[in-house]
Amino acid sequence: MSTTLTRPGERAEDRAKVVVVVQQKGGTGKTTIAINVAACSGRSAVYPQASNEDAPAPVVAAGIDVQGSIEKWCARVREVKLPFDYLVTKGKTGILPLILGDPTRRRVIVDTPGFMDVDPDAEWDADPLGDSRTADALRELLDVADLAIVPITPSRITWDEAEFTIERILKPRKIPFLVVVNMHDPSKDKAEKQLDKLKAWIDEREYPRVADPIRRYTIHEHAHENGTLVTEYKMSGTALNAREDFMRVALTMEQML
Ligand SMILES: Nc1ncnc2c1ncn2[C@@H]1O[C@H](COP(=O)(O)OP(=O)(O)O)[C@@H](O)[C@H]1O
Ligand SMILES: [Mg+2]
């Protein structure tokens, strides 16, 4: 299967761009970011056949985790409200590359599992993804990725994992990446200081980052259970701020593609 794929830089100019949300550490917001960036991107996308409601959406959200997080979330969203199509591979390989051949698809935003079964004893220059179904699905995805979004949170424990993901998984594959700070809590006293520290840590490594963080809001916490997208939150000051945060990520992503 993978022999039919082309590496970034070699492929046809007009195939869909693949954006992968990846970070070894679970709970950093990968699924939340994938779904809401797809929603923001889908809302601002120009549909080629606007008059035809059955036309495939230019933006696709996909998930490669066996649990099907994306599928569960999207299944709860009313269909008319879903500004993208979704694809669930449940960790199977061979599915994702198929949609790249469809010229109506422009962006494929892919969520990845929170846990990567990395081999702690792998040599520094060896591929640490190891051998598993998820690792194979991830390798297939990384083979066609045009950009990676790496979430990091103010909590120090996510920083090393972000660095590992970038240095060991993304850089060796020459995949451009974008770091985004998630869960910045503007209501906490010490948050600004911690954010400055984190920004400095990112900039020291010369990692490209989204200029401002995604703020922590309670409305995000139950969004997956309720099947809500940031583009559809009930109007409020918080909803506007929340939408702005994900729009900023979507715009920065577009600038890098
Ligand atoms: N900006 C945010 N504000 C508040 N809660 C968030 C935010 N981002 C993510 N969450 C919550 O944190 C938890 C982990 O997020 P999730 O997207 O599932 O992370 P991952 O996919 O990396 O494991 C979820 O309960 C989610 O609702
Ligand atoms: Mg997840």
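Counting convention: from 1, in listed order, for ligands and their atoms alike.
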### Query
Can you list the atoms of ligand 1 that are under 4.0 Å from a heavy atom of I214?
1 (N)

### Query
Would you call D136 and R133 a salt bridge, taking side-chain N to carboxylate O under 4.0 Å as the test?
no

### Query
Less than 3.5 Å between some nitrogen or oxygen of T31 and one of ligand 1, yes or no?
yes

### Short N/O/S contact of T32 with the Mg ion (ligand 2) (below 2.8 Å)
no

### Query
Given E221, Q24, H222, H220, which one has a non-hydrogen atom that is nearest to atom 2 (C) of ligand 1?
H220

### Query
Relative to ligand 1, is R215 under 4.0 angstrom through side chain, backbone, both or neither, heavy atoms considered?
backbone

### Message
Please report whether ligand 1 has a polar contact with K30, defined as an N or O pair separated by less than 3.5 Å (distance criterion only).
### Response
yes

### Message
Regarding R76 and E225, does a basic nitrogen lie under 4.0 Å from an acidic carboxylate oxygen?
### Response
no

### Message
Would G27 count as being in polar contact with ligand 1, using the rule that some N or O on each side must be under 3.5 angstrom apart?
### Response
yes

### Test: R248 and D245 ion pair at under 4.0 Å
yes

### Message
For atom 1 (N) of ligand 1, tell me which residue out of T112, V22, N182 has the closest non-hydrogen atom.
### Response
N182

### Task
May I ask you to decide if V18's main-chain N or O and D146's side chain share a donor-acceptor pair within less than 3.5 Å?
yes

### Message
Please report whether ligand 1 has a polar contact with I33, defined as an N or O pair separated by less than 3.5 Å (distance criterion only).
### Response
no

### H184 touching ligand 1 at heavy-atom level, < 4.0 angstrom
no

### Query
Do the non-hydrogen side-chain atoms of K25 and T165 ever get within less than 4.5 Å of each other?
no

### Task
Answer with yes or no whether the hydrophobic clustering places V88 together with I35; edges join I, L, V, M, F, W, Y residues whose side-chain heavy atoms lie under 4.5 Å apart.
yes

### Task
Could you please spell out the steps behind the salt bridge (Lys or Arg N to Asp or Glu O under 4.0 Å) verdict for R43 and E232?
CA-CA 10 Å; R43 272 302 204 99; E232 313 298 339; 3.4 Å; yes

